[in-house]
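Scroll down for the structure; my scribbles are underneath it.
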There are 2 protein chains.
Amino acid sequence: MISEIKQVKWININPSIMEPQKELVRIVIVEDDQLIRESFATLINENENYICVSDYDNCEDAIKNLSSDNPHIILMDIGLPGMSGIQGIRKIKNVKPDVDIITVTVHEEDDKVFDALCAGSTGYLTKNISPKQMINAINEVLTGGAPMSTNIARKVIRSFQKSTESPLTSRETEVLQHLARGKSYTMIADELYINKETVRTHIKNIYQKLNVNSKAGAIEKATKNKLI
Amino acid sequence: MISEIKQVKWININPSIMEPQKELVRIVIVEDDQLIRESFATLINENENYICVSDYDNCEDAIKNLSSDNPHIILMDIGLPGMSGIQGIRKIKNVKPDVDIITVTVHEEDDKVFDALCAGSTGYLTKNISPKQMINAINEVLTGGAPMSTNIARKVIRSFQKSTESPLTSRETEVLQHLARGKSYTMIADELYINKETVRTHIKNIYQKLNVNSKAGAIEKATKNKLI
DNA sequence: AAATAAATCACTCATTATGGGGGATGTTAA
DNA sequence: TTAACATCCCCCATAATGAGTGATTTATTT
């Protein structure tokens, strides 16, 4: 009986009617090191669910062919000749906002990480990851995740966290937060249900403690030291 | 020869001289659901490297015993009776900044996530994780990582990312960014090498486009819509 | 009980900053 | 060749700011 059923399948000219072709995940690689680029491409094509539709050694070409490549995911180096990967991410996200970009790089500097994420990268991997981890990362993106190397994740989390030792009192911190949102003394007073003069006093004390003498100075120092 | 060496080991009264006791990772659980609390504790104690030194159903008690428990890691629920987990995280980090807190909760709301991370949480897990994932998360923290559920990671990343469709020109965005840092028109003009009057014009246009009529309004709207 | 920190409010004074109105010019991209 | 963008200019009234010098009250700590 089993063989009979199989027969039915075999006489079908187009097998896709019986076994509909799986929709492959289209991946583009942008990476100037040929060796790395090719090894990524091989890795991707070895997986039955993925296809590397194109690979480029620069952003400009990748952007040019973006609509014909029509990728779901782009693996992106950010130390590229010509247009930087960061700018590239921005442009790509402008043209095709729904593509997921995974930044893959040797750089672990805070600036690069945050620039890439701000620009629109969905994940941030360092190049020392294993092939298995790379495939995992792609899977994660496809299921709504945001793959990051562990130390990158820690950096990202740390960027949220305020300093535990602030010279400012909680009330002063509150006032400064409002100031940093562009509020005037009068508005701050109204929102905190205190007198404008009290706000002035708090701000005078804040300036003294932070050793500054202007709004901009206080906001800059407080931001840098994660006081707000 | 091997047996001889073993002999030497056996005649030792205190075996720790030969096999020094492994330093156990001390873990504290704060979770008001008794069932969950006990299952976490069991899971931890089953692992030879970990020990659950204490478990509490509220923050206050956990803080009280913080120095005697001396934990490396705290698993923290944030929907607690009495002091909220968020406040608890803040207090704990103030008293003992080097402890790593992993928030474990049913809540996936953006606010809770960011509050917990801002307060000093090193990881953020939702309660639907498997025992294996929980152990993995603890390992990640110990190796400098920041474990997060995938959708939490995406939320965190998204919080960095600017809108791709802004009504503002790049120059206007630039001006607004400076304004949001508390700079005056004059300072902005100096830093962008343009005339103060030009800054004024940009700001007038920004206000019109954002449909506001003040600095605070513009900053609020721009922040909410991720234009800056 | 005395000292300290924190939060609150008051008044003056000079200077800047801000928002709204009007208009203008040159460049670049669609 | 329009439209968008970036640049600059002037007037005006009001609000905001920074510095100075004070005071009161309420906790908390010593």
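Only this structure's heavy atoms are used, side chains among them; waters, hydrogens and symmetry mates stay out. Note on naming: letters A, B, ... go to the chains in the order of the sequence lines (proteins, then strands), and numbering restarts at 1 for each one.
- An OP1 or OP2 oxygen of C/dA7 is reached within less than 4.0 angstrom by no side-chain nitrogen or oxygen of A/T198.
- Among residue pairs with one or both ends in residues 69-92 of chain B, none qualify as ring-ring contact (aromatic ring centres under 6.0 Å, His included); sequence neighbours excluded.
- Pairs passing the side chain to side chain donor-acceptor pair (under 3.5 Å) check and including a residue from residues 212-228 of chain A, sequence neighbours excluded, do not occur.
- Under the salt bridge (charged side-chain N to carboxylate O under 4.0 Å, His left out) criterion, the residue pairs touching residues 73-83 of chain A are A/D77-A/K127, with sequence neighbours excluded.
- Within the structure, salt bridge (charged side-chain N to carboxylate O under 4.0 Å, His left out) contacts touching residues 175-200 of chain A (residues at least two apart or in different chains) are A/K183-A/E191, A/E197-A/R200.
- Residues in residues 84-99 of chain A take part in these side chain to side chain donor-acceptor pair (under 3.5 Å) pairs, two or more places apart or across chains: A/N70-A/K96.
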Distance-only check: which donor-acceptor pairs under 3.5 Å involve side-chain atoms of residues 117-126 of chain B, not counting sequence neighbours?
unit_1: B/S121; atom_1: OG; unit_2: B/I101; atom_2: O; d: 3.3
unit_1: B/S121; atom_1: OG; unit_2: B/T103; atom_2: N; d: 3.4
unit_1: B/S121; atom_1: OG; unit_2: B/T103; atom_2: OG1; d: 2.7
unit_1: B/S121; atom_1: OG; unit_2: B/G123; atom_2: O; d: 2.7
unit_1: B/T122; atom_1: OG1; unit_2: B/D100; atom_2: OD1; d: 3.1
unit_1: B/Y124; atom_1: OH; unit_2: B/H107; atom_2: O; d: 3.0
unit_1: B/T126; atom_1: OG1; unit_2: B/N128; atom_2: OD1; d: 3.0
unit_1: B/T126; atom_1: OG1; unit_2: B/S149; atom_2: OG; d: 3.0

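- Among pairs with a residue in residues 178-198 of chain B, none fulfils ring-ring contact (aromatic ring centres under 6.0 Å, His included), at least two apart in sequence or across chains.
- Looking at heavy atoms from C-beta onward, A/I36 lies out of side-chain contact with A/I29 at the 4.5 angstrom threshold.
- Chain B approaches DNA chain D over the interval D/dC5 to D/dC11, counting the first and last nucleotide 5' to 3' with an atom under 4.0 Å from its heavy atoms.
- Contact check for A/V104 versus A/F40: side-chain heavy atoms found under the 4.5 Å cut-off.
- A/D69 is linked by a side-chain contact (heavy atoms from CB on, under 4.5 Å) to A/V28, A/V53, A/S54, A/Y56, A/N65, A/P71, counting only residues two or more places apart in sequence or in another chain.
- Note on the helix from C/dA1-D/dT30 to C/dA30-D/dT1: terminal axis deviation equals 60°, with five pairs used at each end and the result rounded to 10°.
- Only A/H202, A/K204, listed by number, bring a heavy atom of residues 202-222 of chain A to less than 4.0 angstrom from any atom of DNA chain C.
- Salt-bridge annotation for A/D115 and A/K112: absent, with no side-chain N of the basic residue lying under 4.0 Å from a carboxylate O of the acidic one.
- Atom CD of residue A/E108 and atom NZ of residue A/K155 lie 5.5 Å apart, to the nearest 0.5 angstrom.
- Contacts of residues 165-197 of chain B with DNA chain C (heavy atom under 4.0 Å): B/S184, B/Y185, B/T186.
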